[in-house]
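Working notes for the structure below.
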Amino acid sequence: MSLAEKIKVLIVDDQVTSRLLLSDALTQLGFKQITSAGDGVQGMKIMSEQPHHLVISDFNMPNMDGIGFLQAVRSNPTTKKAAFIILTAQGDRALVQKAAQLGANNVLAKPFTIEKMKAAIEAVFGALK
């Protein structure tokens, strides 16, 4: 069993198309345990019920944005060890800096390629194969 097959991934994005693209890319990289949520509130509910190893979260979302979700994940003893990659279309250095200060493990810019996604994940977990 590859490392990718062992990692539970939670995708949090309010755009259905983005969630599908992310899920498809993760599947192509060998991930099999993938869950999705439409915003940080749903994401935190899922994480509280069943913690995941990796969260890939968009920044701009209703109800609870990516930074709020990151703060919630990091402040909860059950979820705080999850790797967290923030996904954003913005080239906002202040956002990237704030995400890093709050404990994000990496940032993935949209639009992304499978190679860039793989590199972002491997920077956190090491080689997937």
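Just so you know, these numbers use all the heavy atoms, side chains as well, and skip hydrogens, waters and symmetry mates.
Judged by distance alone, with hydrogens and angles left aside, the side-chain atoms of Asn106 form a donor-acceptor pair with the main-chain N or O of Ala120 at under 3.5 Å.
Grouping the Ile, Leu, Val, Met, Phe, Trp and Tyr side chains by contacts below 4.5 angstrom, directly or via other members, places Phe125 apart from Val107. A chain of hydrophobic side-chain contacts below 4.5 Å, direct or via other Ile, Leu, Val, Met, Phe, Trp or Tyr residues, connects Met61 to Val96. When hydrophobic clusters are built by joining Ile, Leu, Val, Met, Phe, Trp and Tyr residues whose side-chain heavy atoms come closer than 4.5 Å, directly or via intermediates, Ile86 is grouped together with Met44. Clustering ILVMFWY residues whenever any of their side-chain heavy atoms sit less than 4.5 angstrom apart, transitively, puts Leu54 in the very cluster that holds Ile34. When hydrophobic clusters are built by joining Ile, Leu, Val, Met, Phe, Trp and Tyr residues whose side-chain heavy atoms come closer than 4.5 Å, directly or via intermediates, Leu128 is grouped together with Leu108.
Interatomic distance, Leu10 CG to Leu22 CG, rounded to the nearest 0.5 Å: 11.0 Å. In this structure, NZ on Lys32 lies 12.0 Å from CG on Leu26, to the nearest 0.5 angstrom. Ile85 CD1 to Met117 CE: the interatomic distance, rounded to the nearest 0.5 Å, is 7.5 Å. Going from atom CD of Gln71 over to atom NZ of Lys98 covers 6.0 Å, rounded to the nearest 0.5 Å. For the atom pair CG of Asn105 and CD1 of Ile121, the computed distance is 11.5 Å after rounding to the nearest 0.5 Å. Taken to the nearest 0.5 Å, the CG atom of Asp14 stands 12.0 Å off from the CZ atom of Phe59.
Taking both residues in full, the closest heavy atoms of Arg19 and Ser36 are given as CD-CB, 3.8 Å, listed atom of the first, atom of the second, then distance. The shortest heavy-atom contact between Ser57 and Gly66 is OG-CA, 3.9 Å. Considering every non-hydrogen atom in both Thr79 and Ser48, the closest pair reads CG2-N, 4.3 Å. Closest approach of Ser18 to Asp13, counting heavy atoms only: CB-OD2, 3.2 Å. Residues Gln33 and Lys6 approach most closely at NE2-O, 3.6 Å, considering heavy atoms. In terms of heavy atoms, Ala25 sits closest to Ile114 at CB-CG1, 3.9 Å.
The salt bridge (charged side-chain N to carboxylate O under 4.0 Å, His left out) search around Lys81 returns none, not counting sequence neighbours.
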Apply side-chain contact (heavy atoms from CB on, under 4.5 Å) to the pair His52 and Ile46, showing each step before the final yes or no. CA-CA 9 Å; His52 288 59; Ile46 291 167; 3.6 Å; yes
Decide yes or no on side-chain contact (heavy atoms from CB on, under 4.5 Å) for Leu87 and Ile11, but give the supporting numbers first. CA-CA 10 Å; Leu87 183 69; Ile11 298 166; over 6 Å; no
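Between Met64 and the options Val41, Asp39, Val12, a side chain to side chain contact (heavy atoms under 4.5 Å, CB included) holds for only Val41.
Within the structure, the ring-ring contact (aromatic ring centres under 6.0 Å, His included) test picks out the following pairs touching residues 69-89 (sequence neighbours left out): Phe69-Phe84.
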